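Notes for the one structure printed next.
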Amino acid sequence: MKNKVTVVGSGNWGSVAAKLIASNTVRLSSFDDEVRMWVFEEKLPSGEKLTDVINRTNENVKYLPGIKLGKNVVADPDVESAVKGANMLVFVSPHQFMEGICKKLVGKIGKDTEGISLVKGMEVKKEGPCMISTLISKTLGINCSVLMGANIANEIALEKFSEATVGYSKNKEAAEKWVQLFGTPYFIVSAVQDVEGVEMCGTLKNIVAIAAGLLHNIHNLIVVSSFTFYKMTQILVGFVDGMEMGNNTKAAIMRIGLKEMIKFSKMLFPSVKDSTFFESCGVADLITTCLGGRNRKVADAYAKNQGKRSFDQLEAELLNGQKLQGVLTAKEVYEVLSDRGWVEQFPLFSTVHAISIGRLPPSAIVELGDSRSANKQVGNSTL
Ligand SMILES: NC(=O)C1=CN([C@@H]2O[C@H](COP(=O)(O)OP(=O)(O)OC[C@H]3O[C@@H](n4cnc5c(N)ncnc54)[C@H](O)[C@@H]3O)[C@@H](O)[C@H]2O)C=CC1
Ligand SMILES: O=C(CO)COP(=O)(O)O
């Protein structure tokens, strides 16, 4: 029997994932050509339903305009009917919606179904943190791998060379099937046996990207203020110096962030491997998201506004329905840190959370070097 794939989600990355998969299911005889894609239905300004437009034009005009998905991608607004008959489920929704989606699918999934999560995020429950792959496997009773990496969706949509990492726990055969389903000459996928490590990387780098975005504008502000105080020649020197300092500082934030990512991952899951941080899901995803992701973009706007417009407002204004993951993840991670008495060991994560809720100004991100001040400001509060 042929493998049948459904993509649960249809945002920016969800649509690109469907395109990648659809290009392979028509090519590989072990897969049914048709790829169903569950769409959270919405009305477009034209009055038409998004699913109707996707099925008529073969394009997700809202979340991935200008890119053909493949004629074998079929949009379905009903999640139960979308997964019917599928034995391979690809979950790719903003993490805050995953619990609701899973609940709708209880009892609708065959026992031998394999899942993979492309979702970067975690849930925090009374019992403690729960990774999204665990939420899926526990709620639906299926094995669930993960796929994470340096994967800005719009670049992969344009078929620019990228890499990704599949993380699996026991089922190597399933991981190989996912590698086959996603891999193309421009999208190179490898598998590692470290599902928690891969998923923690994808989740935590979004917090560091918020820090990097804030920083970007702090340097712009430094450069602009030099303008008012110095003569022309001095401005030029100040500009070059400012840029130089900006790169060093951004690199410092990435380094501090990576250390916190490794430490936090290992404190939660001692089995996480060091080598995972050197895969695409680790340092490469950290770099690309800090340089070009949506978390970085919105944090940049937040710093420019000096915190006068909230992250929620800026997300709505700048992302046209796409969702940020970093702000919510910073809050969720902060809950874990606070619950376990770890706040002072994670000044970057804690400071990003404090800034994102308006308790600290954006400039606090460059005061991380003064760990006493960062700890004092975040450690005593009831954030
Ligand atoms: N976009 C990117 O470049 C990448 C995203 N990711 C991750 O993939 C996951 C999904 O992100 P994207 O596909 O980019 O989504 P997105 O942020 O572009 O789109 C938001 C999606 O959420 C849906 N939605 C809105 N309200 C909803 C509700 N109440 N219930 C269920 N769905 C609702 C929208 O219809 C839309 O499909 C996230 O965890 C993200 O971090 C991972 C790699 C790259
Ligand atoms: O995960 C991503 C790239 O790998 C996308 O990051 P953003 O959500 O910040 O755009």
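In each ligand, atom 1 is the first atom listed, and ligand 1 is the first ligand listed. Quick note: residue numbers are just sequence positions, from 1. Since the structure is predicted, the reported quantities are computational estimates derived from the model, not experimental observations.
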**Request:** Rounded to the nearest 0.5 Å, what's the gap from CG on L89 to CD1 on I109? Could you check?
**Result:** 5.0 Å
**Request:** Look at the rings of F264 and W342 and say which category their plane angle falls in: under 30° parallel, 30 to 60° tilted, over 60° perpendicular.
**Result:** perpendicular
**Asked** So how far is it from E155 CD to F187 CZ, rounded to the nearest 0.5 Å?
**Response** 11.5 Å
**Message:** Looking at K177 and E114, is any side-chain nitrogen of the basic one under 4.0 Å from a carboxylate oxygen of the acidic one?
**Reply:** no
**Message:** With a heavy-atom distance limit of 4.0 Å, tell me whether D285 approaches ligand 2 through its side chain, its backbone, both, or neither.
**Reply:** side chain
**Item:** Pairing of E159 and K19 as salt bridge, 4.0 angstrom limit
**Value:** yes
**Asked** Does any N or O in the side chain of Y302 come within less than 3.5 Å of the main-chain N or O of I355, such that one atom is a donor and the other an acceptor?
**Response** yes
**Prompt:** Going by the atom numbers of ligand 2, which of them fall below 4.0 Å from some non-hydrogen atom of N295?
**Reply:** 7 (P), 8 (O), 9 (O)
**Asked** Given the rule in the side chain to side chain donor-acceptor pair (under 3.5 Å) test, do Q325 and Q96 qualify, once you have shown the distances and angles that lead to the verdict?
**Response** CA-CA 8 Å; Q325 303 281 260; Q96 57 269 42; 2.9 Å; yes
**Request:** May I ask you to test the N320-K62 pair for a side-chain heavy-atom distance under 4.5 Å?
**Result:** yes
**Request:** Please could you name the atoms of ligand 2 that G149 approaches to less than 4.0 Å, counting only its heavy atoms?
**Result:** 4 (O)
**Message:** Please list, in number order, the atoms of ligand 2 under 4.0 Å from a heavy atom of G293.
**Reply:** 9 (O), 10 (O)
**Asked** Counting only N and O atoms by type, is there a donor-acceptor contact under 3.5 Å from the side chain of K68 to the main-chain atoms of T57?
**Response** yes
**Asked** Is Q325 in contact with ligand 2, taking contact as a heavy-atom separation below 4.0 Å?
**Response** no
**Asked** Who's the nearest protein heavy-atom neighbour of atom 1 (O) of ligand 2, and how far?
**Response** K205 NZ, 2.7 Å
**Request:** Record the part of M148 in heavy-atom contact with ligand 2 below 4.0 Å; permitted values are side chain, backbone, both and neither.
**Result:** neither
**For N151, atoms of ligand 2 separated by under 4.0 Å from a heavy atom** = 3 (C), 4 (O)
**Message:** For atom 10 (O) of ligand 2, what's the nearest protein heavy-atom neighbour? Residue, atom name and distance, please.
**Reply:** R294 N, 2.7 Å
**F182 and W178 aromatic ring geometry - parallel, tilted or perpendicular at 30°/60° bounds** = tilted
What does the N/O contact table under 3.5 Å look like for ligand 1?
unit_1: ligand 1; atom_1: 1 (N); unit_2: N12; atom_2: OD1; d: 3.1
unit_1: ligand 1; atom_1: 1 (N); unit_2: R294; atom_2: NH1; d: 3.4
unit_1: ligand 1; atom_1: 1 (N); unit_2: R294; atom_2: NH2; d: 3.1
unit_1: ligand 1; atom_1: 3 (O); unit_2: A153; atom_2: N; d: 2.8
unit_1: ligand 1; atom_1: 13 (O); unit_2: N12; atom_2: N; d: 3.4
unit_1: ligand 1; atom_1: 13 (O); unit_2: W13; atom_2: N; d: 3.0
unit_1: ligand 1; atom_1: 13 (O); unit_2: G14; atom_2: N; d: 3.0
unit_1: ligand 1; atom_1: 14 (O); unit_2: W13; atom_2: N; d: 3.2
unit_1: ligand 1; atom_1: 14 (O); unit_2: R294; atom_2: NH1; d: 3.1
unit_1: ligand 1; atom_1: 14 (O); unit_2: R294; atom_2: NH2; d: 3.4
unit_1: ligand 1; atom_1: 17 (O); unit_2: R294; atom_2: NH1; d: 3.3
unit_1: ligand 1; atom_1: 17 (O); unit_2: K323; atom_2: N; d: 2.7
unit_1: ligand 1; atom_1: 18 (O); unit_2: N12; atom_2: N; d: 2.8
unit_1: ligand 1; atom_1: 18 (O); unit_2: R294; atom_2: NH1; d: 3.4
unit_1: ligand 1; atom_1: 37 (O); unit_2: G11; atom_2: N; d: 3.2
unit_1: ligand 1; atom_1: 39 (O); unit_2: K120; atom_2: N; d: 2.9
unit_1: ligand 1; atom_1: 39 (O); unit_2: Q325; atom_2: OE1; d: 2.9

**Message:** Applying the side chain to side chain donor-acceptor pair (under 3.5 Å) criterion to S133, which one of E199, K138, E196 satisfies it?
**Reply:** E199
**Asked** Can you list the ligand 2 atoms lying under 4.0 Å from a non-hydrogen atom of K120?
**Response** 1 (O), 2 (C), 3 (C), 4 (O)
